[in-house]
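Counting convention: from 1, in listed order, for ligands and their atoms alike.
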Amino acid sequence: MTDDLDRLDAEICDCRRCPRLVAWREEVAATKRAAFRDEEYWGRPVPGFGAHDARLAILGLAPAAHGGNRTGRIFTGDRSGDVLFAAMHRAGLANQPTSVSRDDGLTLTSTRIFAAVRCAPPDNKPTPLERDTCAPYLHRELALIRPELRVVIALGAFAWAAFWPALRAVYGVAPARKVPFGHGALWNAGDTPWQAGGAPALLGCYHVSQQNTFTGRLTPGMLDEVFTRAKALAGIG
Ligand code: SF4
C-alpha cells in the first residue's frame, strides 16, 4: 500500500489535466506574493499528506495559492494550516503545532489530509468540470487507505459534497436521501459497528479559512470538539 500511495502522489504531482488550473498555479508561482519573493514556489498539484494507515482523513477544498501551492504540502504555509495543525497537535494527531514547509519534521498520527481538488484554483473556486476531473485521485486515495479508514472530516460544504461521489465510487454506497452539510453534521452507513474496509463516517466541520476563524464562526474550541468526536469514532486513543 505504501508503494501504491507513493506512486499515486507522484502521479498527482505531474498532472496537467485542467488547463485553467495549470495556468493559474504556474502564474502564481512565477509572480509570487511579495513576502515570499525569495522562495521557489512549488507551483504543481499538491498530493495528500500523512499516515498511510490512517483511521481518520481530513478532506479540504483545494490548496491555497500562497500556501500549499507555494510549499508543496497541503494546508502548509498559510493561516488556515496554522489553525488546523494547532488543533491537531492539541488532539495528539500531529507531533508539532505548526506546518511551514515540506521538510519541517511534521508527522501525523493515524491521520491523512487531502483535498478534493489538488491544484490551487483562482478565488478558491474550482469549476464543476475541474472538480470532476480531479475526483478520481480522491477516489483512488480513499481506496488505498480503505482498510483502516473509519472517519472523514469534511472541511466545508465543497468537501462535504465531494465525499458522496467518492463513497459511491469506492464503497458502492449512497445515502437514501441528500444529507445537508453543517458544522457537527454526522453521516454513517448504519448502526452496526464499523467493519474493516467498511464505509467511513462523515463528520462536517466549518472550513478553517480565515473568513471563518477571524470572524469567530469557527473557534479553537469548536475544532477541539470535532477532533475529540472524530477520534472517538475512529477508535484513536
Ligand atoms: S486539479 Fe487535479 S486533475 Fe486538474 S490538473 Fe490539478 S491534479 Fe490534475
Less than 4.0 Å between a side-chain N and a carboxylate O, is that true for E141 and R118? yes

Answer whether the closest heavy-atom distance between the side chains of E26 and R44 falls below 4.5 Å. no

Checking side chain to side chain contact (heavy atoms under 4.5 Å, CB included) between F114 and each of I58, V46, D9, L59, which is the one that passes? L59

Residues 85-94, side-chain donor-acceptor partners within the protein, below 3.5 Å, at least two apart:
| residue | atom | partner | partner atom | Å |
| --- | --- | --- | --- | --- |
| R90 | NE | D224 | OD1 | 2.9 |
| R90 | NE | D224 | OD2 | 3.3 |
| R90 | NH2 | D224 | OD1 | 3.0 |

Given D104, D103, T98, the one that forms side chain to side chain donor-acceptor pair (under 3.5 Å) with S101: D103

Output, by chain and residue number, all protein N/O/S atoms separated from atom 4 (Fe) of ligand 1 by less than 2.8 Å. C18 SG

Just checking, any donor-acceptor pair under 3.5 angstrom between side chains of T76 and S99? yes

